[in-house]
Amino acid sequence: MFSQELWLENEKKCAVVRKSKQGRKRQELLAVALGVKVGVKGGFLWPPLKLFACSQISSLVRRAALTHNDNHFNYEKTHNFKVHTFRGPHWCEYCANFMWGLIAQGVRCSGLKSEGLYRVSGFTEHIEDVKMAFDRDGEKADISASIYPDINIITGALKLYFRDLPIPLITYDTYSKFIEAAKISNADERLEAVHEVLLLLPPAHYETLRYLMIHLKKVTMNEKDNLMNAENLGIVFGPTLMRPPEDSTLTTLHDMRYQKLIVQILIENEDVLF
């Protein structure tokens, strides 16, 4: 008969073995996602590489869940929304996105080389016209270049749209977690922390943020012409995409640098984080 001490010691050893096997299987799963091999004696994936693999798996799981829901509830695959107004939370069950009119027509790429893109504001009255067009016509609103040749009008309307969302794109529930992640000094650990908080976002917020970051990454690729890098865009979009739960001017001012940093990280690492 085993004594209690021997039994406990044996259980600990078994737990270590199980944990080791689970860790090994996780490494193998991540390696498969990346299309690489892990040595026979084992090994550890470089943290940013591991993060990329995790993001790919998470993205696949999210899309599989959305596809399952689409099949389960037999949604009609059209962009029909209960609220066709500029200020409403326009959730689409099919595309899992808020940007109904803007995603229907696409955020135009013709102005990507425009100097000060997203930093320069369009005329307020013209931005209000775009807002009224969405209120009136919903996803059929015409925001083509022939109607609004100044790209700053469209970018101004986009920023206004995000500012007017009743719940920010980066939600109140995740705000403090993002701020804490931004305060981490180690770059790799900070990136992993940001990724973990991203997964807490509701599907509509996550997918919209992903779509927006892909677009903003394209903006930075034209920095030579538009003079807008990830840091500059972070300054513009930080307060637009995330707001503290409490309406405190002091908190807002204190968190501005972290808001900027979070958006900057999302843009620079959109291919890894999403």
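- Using a 4.5 Å heavy-atom cutoff, the side chains of Phe162 and Leu212 are in contact.
- Between the side chain of Lys159 and the main chain of Thr240, no donor-acceptor pair closer than 3.5 Å is present.
- Note that the OG1 atom of Thr174 and the CD atom of Glu180 stand 13.0 Å from one another [nearest 0.5 Å].
- For the atom pair Asp271 CG and Met213 CE, the distance stands at 13.0 Å (nearest 0.5 Å).
- For Asn229 (side chain) and Glu223 (main-chain N/O), no donor-acceptor pair under 3.5 Å exists by modelled atom type.
- Looking at Met242 and Pro168, their side chains never come closer than 4.5 Å, going by heavy atoms from C-beta outward.
- The closest side-chain heavy-atom distance from Arg210 to Leu198 is not below 4.5 Å.
- The other members of the hydrophobic cluster of Met256, by chain and number, are Leu253 (side-chain heavy atoms under 4.5 Å, ILVMFWY only).
- For Tyr172, there are no ring-ring contact (aromatic ring centres under 6.0 Å, His included) partners, not counting sequence neighbours.
- With rounding to the nearest 0.5 angstrom, the CZ atom of Arg190 is 4.5 Å from the CD1 atom of Ile265.
- Around the NZ atom of Lys217, the shell of radius 6.0 Å holds more than 12 heavy atoms that belong to other residues, nucleotides or ligands.
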Is there a side chain to side chain contact (heavy atoms under 4.5 Å, CB included) between Leu227 and Asn232 once you walk through the steps? CA-CA 9 Å; Leu227 307 180; Asn232 293 336; 5.8 Å; no
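- Under a cut-off of 6.0 angstrom, the local environment of CG in Asn186 is crowded, with over 12 non-hydrogen atoms contributed by other residues, nucleotides or ligands.
- Taking the centre of each ring, Phe274 and Tyr206 come in below the 6.0 Å mark.
- Aromatic ring pairs are classed by plane angle as parallel below 30°, tilted from 30° to 60° and perpendicular above 60°; the pair Tyr258 and His254 is tilted.
- Using modelled atom types and a 3.5 Å distance limit, the side chains of Tyr175 and Asp255 yield a donor-acceptor pair.
- Leu266 contributes atom CG, which lies 9.5 Å from atom CG of Leu261 (distance to the nearest 0.5 angstrom).
- Counting only N and O atoms by type, the side chains of Thr171 and Asp173 include no donor and acceptor under 3.5 Å apart.
- Using a 4.5 Å heavy-atom cutoff, the side chains of Leu112 and Leu117 are in contact.
- A side chain to side chain contact (heavy atoms under 4.5 Å, CB included) with Val194 is found for one member of Asn269, Ile184, Ile262 and no other, namely Ile262.
- To the nearest 0.5 Å, atom NZ of residue Lys113 and atom CD1 of residue Ile151 are 14.0 Å apart.
- Residues Leu273 and Leu191 are in side-chain contact: their nearest non-hydrogen atoms beyond the backbone lie under 4.5 Å apart.
- Dense packing is recorded around NZ of Lys183, with more than 12 heavy atoms of other residues, nucleotides or ligands lying under 6.0 Å away.
- Separating the CG atom in Leu200 from the CD1 atom in Ile170 is a distance of 12.0 Å, to the nearest 0.5 Å.
- Put simply, the side chain of Asn226 gets close to the backbone of Val219: a donor and an acceptor are under 3.5 Å apart.
- Side chains of Leu160 and Lys131 form a contact here, defined as non-hydrogen atoms less than 4.5 Å apart.
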